[in-house]
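Working notes, structure below.
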Number of protein chains: 2
Amino acid sequence: MLSEQSIKELQKILGKDNVLTSKAERICYSYDATQQSFLPEVVLQPGSTEEVALVMKLANRERIPVFPRGAGSGFTGGSLPTKGGIVLCTERMNQILEIDEENLVATVEPGVVTERFQKTVEKVGLFYPPDPASLKFSTLGGNVAECAGGPRCVKYGVTKDFIIGLEVVTPTGDIITTGGPTMKGVVGYDLTKLLCGSEGTLGIITRIVIKLLPLPEAKKTMLVLFDSIDGAAQAVSAITRNKIIPTTLEFMDGRTIECVRQATDLDLPETAQAVLIIEVDGDREFLDKQANRIAEIIKPLGVVETRIATTPEESEALWQIRRSVSASLRKVNPDKFNEDICVPRSKVPEMIRKVDAIADKYQIPIVNFGHAGDGNIHVNIMVNKKVSGDIMKAEGAIKDVFKAALELGGTMSGEHGVGIAKAPYIPLEITPVAAEYMKAIKRSLDPNNILNPGKIFLDDENTAAYGE
Amino acid sequence: MLSEQSIKELQKILGKDNVLTSKAERICYSYDATQQSFLPEVVLQPGSTEEVALVMKLANRERIPVFPRGAGSGFTGGSLPTKGGIVLCTERMNQILEIDEENLVATVEPGVVTERFQKTVEKVGLFYPPDPASLKFSTLGGNVAECAGGPRCVKYGVTKDFIIGLEVVTPTGDIITTGGPTMKGVVGYDLTKLLCGSEGTLGIITRIVIKLLPLPEAKKTMLVLFDSIDGAAQAVSAITRNKIIPTTLEFMDGRTIECVRQATDLDLPETAQAVLIIEVDGDREFLDKQANRIAEIIKPLGVVETRIATTPEESEALWQIRRSVSASLRKVNPDKFNEDICVPRSKVPEMIRKVDAIADKYQIPIVNFGHAGDGNIHVNIMVNKKVSGDIMKAEGAIKDVFKAALELGGTMSGEHGVGIAKAPYIPLEITPVAAEYMKAIKRSLDPNNILNPGKIFLDDENTAAYGE
């Protein structure tokens with residue numbers, strides 16, 4: 001438990017207004033997109049790196065766990081204060097500090113909302129590709145901590161690929177910088193990439209140096225309806241096999257289409273059993289050629305209809321179909337377990353068949369959509385938590401889905417991370433010796449296990465002291 | 001010292017032929033491109049991951065340092081057996097295990113020579129961009145360990161950006177795999193990127209999973225002669241500022257041109273005080289447009305002549321000028337210190353001015369060329385080691401060059417790494433707390449300090465036992 005003295009000290013460091021102790025306030029920071037909830041003892045909203053460092057020093061001295069948090073939009077509980085203690089929220093550190101147009105590099109604070117950053121750099125002709133579905137509210141700090149993905153990663157890579165430097169408060173309260181604004185740099189270990197995707201367990205990100213690209217001149221969006229799921233899945237493989245990497249290659253299965261059809265008035269004929277949304281970007285003159293080449297490659301694979309947007313508005317209308325998916329799923333069942341397995345691209349057809357078999361086995365609806373272009377499928381296991389047995393079915397199905405992905409050379413998570421949701425399944429993917437190598441790093445950097453304890457790896461018995 | 005018993009045990013593990021103990025053989029593995037030499041006690045040529053693991057177990061038991069080595073072509077002594085002990089050379093593990101054309105992924109052993117790999121994947125229309133100057137003899141394992149660069153990194157990124165999975169023998173002799181063949185993956189810490197560029201201090205790479213790209217349809221090479229170094233440097237900035245990222249943007253200063261002119265019969269007029277070699281690649285029709293746009297941007301900056309290759313042979317002829325640089329430098333002085341600082345691209349003109357001032361200060365010739373497109377300049381400090389005082393001048397100049405790069409937000413090394421050559425300068429770039437964070441990782445993974453000890457960071461007094 002946090003002592004009154006500690007609270008006073010925190011108020012002194014941060015200012016009273018930035019130390020939230022009322023239950024109402026703490027509840028606001030108790031949950032994330034997993035809809036699980038753990039009440040923190042206090043919520044801190046630091047305004048500077050130095051304040052974060054002082055908090056970490058105090059937390060080490062008093063052995064209080066600290067749970068860093070961006071917007072709390074994560075799907076695996078990475079920011080949940082599972083042991084009470086301190087939620088350290090970066091929302092006040094939300095400045096875009098510099099956009100260096102000469103070097104195509106930006107420097108931001110962690111609390112900057114992703115979409116705001118994207119729109120700001122686009123105004124000066126620059127481009128930050130990573131586009132997690134949460135981009136309207138998730139923060140860049142959270143995106144870096146989880147190594148967020150999104151549809152455009154097929155062509156451009158994930159968050160990590162754009163992060164070239166960080167300022168970080170270490171688990172013991174020191175301030176370090178990693179990497180920097182240069183395009184190359186090999187002095188010392190690459191802490192930047194180690195911290196990306198470390199889910200707030202190895203340091204608190206207080207500043208981010210981001211590599212940008214020139215904004216592509218134009219883009220072209222196509223929506224392709226297939227008469228079978230197999231045709232669509234084969235199309236994904238065929239496009240890659242033909243050495244074309246589109247900007248996005250989004251996939252929706254028959255059940256997803258059904259949901260959207262029922263929930264919206266979007267035009268999706270009954271014959272469509274699968275949808276691909278394919279976008280290409282680049283030089284204007286080049287796009288028609290590439291779009292035509294793609295249309296030609298996929299033509300023999302059971303295409304019912306191809307719609308090609310000719311204006312930004314038409315492109316937006318096509319994307320609307322994809323964007324309406326999440327809300328539409330409730331038509332199937334009120335609750336969902338949203339997994340984000342990733343397999344080698346060519347294994348997408350086989351993965352979909354395996355998921356269908358799992359749905360049959362457990363007699364539970366599973367809806368598949370997502371970023372098929374990089375093999376990252378969102379497998380949505382739809383349940384009604386109020387129906388007895390549904391949760392147990394879902395748990396069995398989840399484990400089978402993970403095993404199926406791993407059998408195909410894939411991973412349990414392409415972009416959501418592990419957090420607490422997938423921590424119990426870690427042994428399926430990571431061998432004990434590899435896990436030990438990772439945990440040795442964590443122990444060496446966070447000897448008191450203060451920073452986001454119990455995430456990624458389940459607590460070892462001897463470290464699970466505070467709040468249990 | 002290695003006991004006779006240990007040698008016998010090693011012979012049993014590897015087979016007698018793969019345990020080299022004669023002085024003549026050991027001398028062959030005693031040096032690298034730094035031309036420093038340290039005699040190992042034994043050279044091992046393992047043929048499998050399991051053999052590497054057994055060697056590491058023995059080395060830990062007997063406390064013998066192990067120095068992993070690819071082709072020994074490094075510029076900073078990363079593979080030098082500075083404490084004697086074991087050189088573990090990966091040259092026998094040289095198989096390209098798989099080229100997965102459907103998924104654009106290859107799996108190789110560490111001893112595969114980079115150029116051989118590039119040519120092999122190009123035959124099936126695929127592309128591995130990283131192209132260190134040593135590619136004809138350096139190995140992929142060494143490239144990964146050092147995070148090698150090259151001219152094409154301007155557009156495509158460095159070695160690390162293409163490595164998505166590894167098999168590694170840990171410093172304590174366990175075998176782990178990291179990452180895998182998927183385009184996304186966020187389960188656990190990103191050990192793959194941590195190991196890239198860790199200079200053989202955190203694990204021995206025994207297998208590499210590589211992301212490939214579709215081979216660009218065509219490329220176009222231009223050689224541009226400028227009447228001043230400032231014009232060329234400004235051109236680099238101007239191209240980036242105009243949101244164009246060419247494939248390569250190579251730079252040679254006046255002194256470099258002078259060397260090439262004297263050493264070869266290549267056509268380089270006296271009026272040329274700087275050269276840029278600019279290459280663009282991609283869709284054939286798009287290349288003319290991009291080349292013309294570049295020509296237009298740089299025109300006002302003192303262009304003496306622009307040569308554009310229209311055939312692969314002409315392109316090769318233009319590159320010949322760049323390739324002849326290293327050999328030509330001997331015209332200035334017999335010995336060189338080749339540093340590879342990297343600054344933000346826009347700072348290249350200022351960096352060049354600073355280097356000129358340093359050359360004046362120490363009255364020593366400094367020749368600059370390299371990958372200006374990503375701010376990575378090879379600063380060649382030319383000395384005659386036989387002339388008294390030259391080495392001391394060079395040491396002063398090197399330190400000033402590093403300081404100048406760091407003042408401009410740069411780094412001491414863009415692609416060569418730290419090894420032993422730059423280890424003494426680490427405190428210039430990395431703060432004590434950041435160094436401690438890195439060293440804590442090393443200590444936790446290599447508790448007996450067996451693997452490549454004394455590299456990157458100078459030995460702490462209490463760890464410098466063996467062979468000193």
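If you're wondering where the values come from, they're calculated on a predicted model, not measured in any experiment. Here is the naming used below: chain letters follow the sequence lines, and residue numbers restart at 1 for every chain.
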Under 4.5 Å from a heavy atom of chain A, the part of B/H371 involved: side chain
side-chain contact (heavy atoms from CB on, under 4.5 Å) evaluation trace for B/V186 with A/H416: CA-CA 7 Å; B/V186 289; A/H416 294 170; 5.8 Å; no
A/L194 side, atom CG; B/M438 side, atom CE - distance, nearest 0.5 Å: 10.0 Å
B/D283/A/D283 under side-chain contact (heavy atoms from CB on, under 4.5 Å): CA gap, chis, key distance, verdict: CA-CA 10 Å; B/D283 200 57; A/D283 200 56; over 6 Å; no
Heavy-atom pairs under 4.5 Å with chain B, option from A/K347, A/E146, A/K184 with the top count: A/K184
Candidate pair B/T182 and A/N376, rule side-chain contact (heavy atoms from CB on, under 4.5 Å), full reasoning: CA-CA 9 Å; B/T182 58; A/N376 184 199; over 6 Å; no
Rounded distance [0.5 Å steps], CD in B/E101 versus CZ in A/R241: 10.0 Å
Side chain, backbone, both or neither of A/K211 within contact of chain B (heavy atoms, under 4.5 Å): neither
Pair B/E102 + A/K243: basic N to acidic O under 4.0 Å: no
Test side-chain contact (heavy atoms from CB on, under 4.5 Å) applied to A/N103 and B/T240, step by step: CA-CA 7 Å; A/N103 291 302; B/T240 315; 5.8 Å; no
Plane angle bin for A/Y189 and B/F457 - parallel if under 30°, tilted between 30 and 60°, otherwise perpendicular: perpendicular
A/L445 versus chain B, the contacting section by heavy-atom distance below 4.5 Å: side chain
Chain B contact via A/L215 - which portion, at a heavy-atom distance below 4.5 Å: neither
Engaged part of A/E429 at the chain B interface, taking heavy atoms whose separation is under 4.5 Å: side chain
